[in-house]
Asks: 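I'd like to ask some things about the structure below.
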Number of protein chains: 2
Amino acid sequence: MSMEGQDIKKAGLKITLPRLKVLEILEVSEQRHMSAEDVYKALLLMGEDIGLATVYRVLTQFEDAGLVSRLSIDGGHAVFELEDGVHHDHLLCVSCNQIEEFVDEVIEQRQRSIAIEKGFKMTEHSLYIYGICKQCQEKN
Amino acid sequence: MSMEGQDIKKAGLKITLPRLKVLEILEVSEQRHMSAEDVYKALLLMGEDIGLATVYRVLTQFEDAGLVSRLSIDGGHAVFELEDGVHHDHLLCVSCNQIEEFVDEVIEQRQRSIAIEKGFKMTEHSLYIYGICKQCQEKN
DNA sequence: GTGTAAATGATGACGGTTTTCATTTATATT
DNA sequence: AATATAAATGAAAACCGTCATCATTTACAC
């Protein structure tokens, strides 16, 4: 059984072709952030005939299992990324939709302090910086 | 003409009953953050027979005019708040859906620095801290 | 008052996502 | 290896928040 198979099994899921292939796409794709539709199209290109509903289901199961993270970006559609255990935030280019990641311990710490000040028990946080990336600025 | 009427007029919009009433709801409602549906229901309670499509249109126009801000919270549905000119971020209670606001200049500054480091021209940013508010913690 | 562009309401469309349900498949057990 | 059974799948329809269409109504400049 492959490494991926073990991840799937550990999540309490049966090892099926759709699950193995979705995981493979996420691992081999040059784009780290993919929508369900992106994954679906990549599967079609690979010659795998897997339904879109299954892709959505599998991605949600992987999210529940902690294998992937879901980013809900502006305007209601989601992208997924392989979870690497390191929290990070995102910079999104509003022109080309490219996504970059960053980690900033100062911000992390301030967020924790604010939650405490307000009496909140923080479960999560999401920070998106929107802007125009270097390449898109140079193009125009 | 009321104060509100002037705001609407300044936005280049005709002063109509639906617009006055939507603005009134946003001002008098005890909840600062309302979805289009919330506003629509509040209008019905007031006895105003205004269509949901109009509520959406008016809120979008108010957003364009800078009278309200739209928050896109987790999973694609939006809430609106009266714009007071002061940028702030949000704490959301995942239990009771209450929303609190905060301002943190340290975070603001770090965000600007990160955008510069990454070569991004920042247009916007959104920061949400999710957690359980004080009241909900005490309840359980 | 009147003309004209703008605004409204009802309804249908839309897009991403989820549910339904009949069929197929993985896996534990014989 | 055959079988039983719960889980997984695919196709299609349902969903939900939001937006567009279009015929009718309204605000406001003249």
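Just so it is clear: chains get the letters A, B, ... in the order the sequence lines come, proteins before strands, and each one is counted from 1.
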Asks: Sequence neighbours excluded, which residues qualify as side chain to side chain contact (heavy atoms under 4.5 Å, CB included) partners of Leu17(A)?
Replies: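 Counting only residues at least two positions away or on another chain, Leu17(A) forms a side chain to side chain contact (heavy atoms under 4.5 Å, CB included) with Lys21(A), Glu48(A).
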Asks: Which ring-ring contact (aromatic ring centres under 6.0 Å, His included) pairs, counting each pair once, include a residue from residues 101-121 of chain A, with sequence neighbours left out?
Replies: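 Residue pairs passing ring-ring contact (aromatic ring centres under 6.0 Å, His included), neighbours aside: none found.
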Asks: For residues 130-139 of chain B, tabulate all N or O donor-acceptor pairs below 3.5 Å that involve a side-chain atom, not counting sequence neighbours.
Replies:
from	atom 1	to	atom 2	distance (Å)
Gln137(B)	NE2	Gly119(A)	O	2.9
Gln137(B)	NE2	Ile132(B)	O	2.7

Asks: Listing time: all N or O pairs from protein to nucleotides 15-18 of chain D that are below 3.5 Å?
Replies:
from	atom 1	to	atom 2	distance (Å)
dT18(D)	OP1	Ala78(B)	N	2.9
dT18(D)	OP2	Tyr56(B)	OH	2.4
dT18(D)	O5'	Tyr56(B)	OH	3.4

Asks: With sequence neighbours left out, write down each residue that passes side chain to side chain donor-acceptor pair (under 3.5 Å) with Arg112(A), or none if nothing qualifies.
Replies: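 In terms of side chain to side chain donor-acceptor pair (under 3.5 Å), with neighbours along the sequence ignored, Arg112(A) is linked to Glu105(A), Gln109(A).
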Asks: Check salt bridge (charged side-chain N to carboxylate O under 4.0 Å, His left out) between Arg110(A) and all other residues, then give those that pass, not counting sequence neighbours.
Replies: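 Arg110(A) satisfies salt bridge (charged side-chain N to carboxylate O under 4.0 Å, His left out) with Asp104(B) only.
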Asks: Could you give the side-chain donor-acceptor pairs of residues 78-85 of chain A under 3.5 Å, partners two or more places apart or in another chain?
Replies:
from	atom 1	to	atom 2	distance (Å)
Glu81(A)	OE1	His33(A)	NE2	2.6
Glu81(A)	OE1	His88(A)	NE2	3.4
Glu81(A)	OE1	His90(A)	NE2	3.1
Glu81(A)	OE2	His88(A)	NE2	2.9
Glu83(A)	OE1	Ser69(A)	OG	2.3
Glu83(A)	OE2	Gly85(A)	N	2.8
Asp84(A)	OD1	Val86(A)	N	3.1

Asks: Looking at residues at least two apart in the chain, or sitting in another chain, which of them share a side chain to side chain donor-acceptor pair (under 3.5 Å) with Thr16(B)?
Replies: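 If we apply the side chain to side chain donor-acceptor pair (under 3.5 Å) test to Thr16(B), skipping adjacent residues, there are no hits.
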Asks: Have a look at the helix from dG1(C)-dC30(D) to dT30(C)-dA1(D) and give the angle its two end axes make, five pairs each, rounded to 10 degrees.
Replies: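 Inter-axis angle at the termini of the helix from dG1(C)-dC30(D) to dT30(C)-dA1(D): 30°.
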Asks: In residues 39-51 of chain B, what residues come within less than 4.0 Å of DNA chain C, judged by heavy atoms?
Replies: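 Those residues are Asp49(B), Ile50(B), Gly51(B).
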Asks: Sort and list the pairs that fulfil ring-ring contact (aromatic ring centres under 6.0 Å, His included) and have at least one residue in residues 36-67 of chain B, not counting sequence neighbours.
Replies: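 Qualifying pairs, neighbours excluded: none.
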Asks: With the sugar-phosphate defined as primed atoms, P, OP1 and OP2, and the base as all remaining atoms, what B/S/- string results for nucleotides 20-30 of chain C, 5' to 3', for protein heavy atoms under 4.0 Å?
Replies: B-----BS---
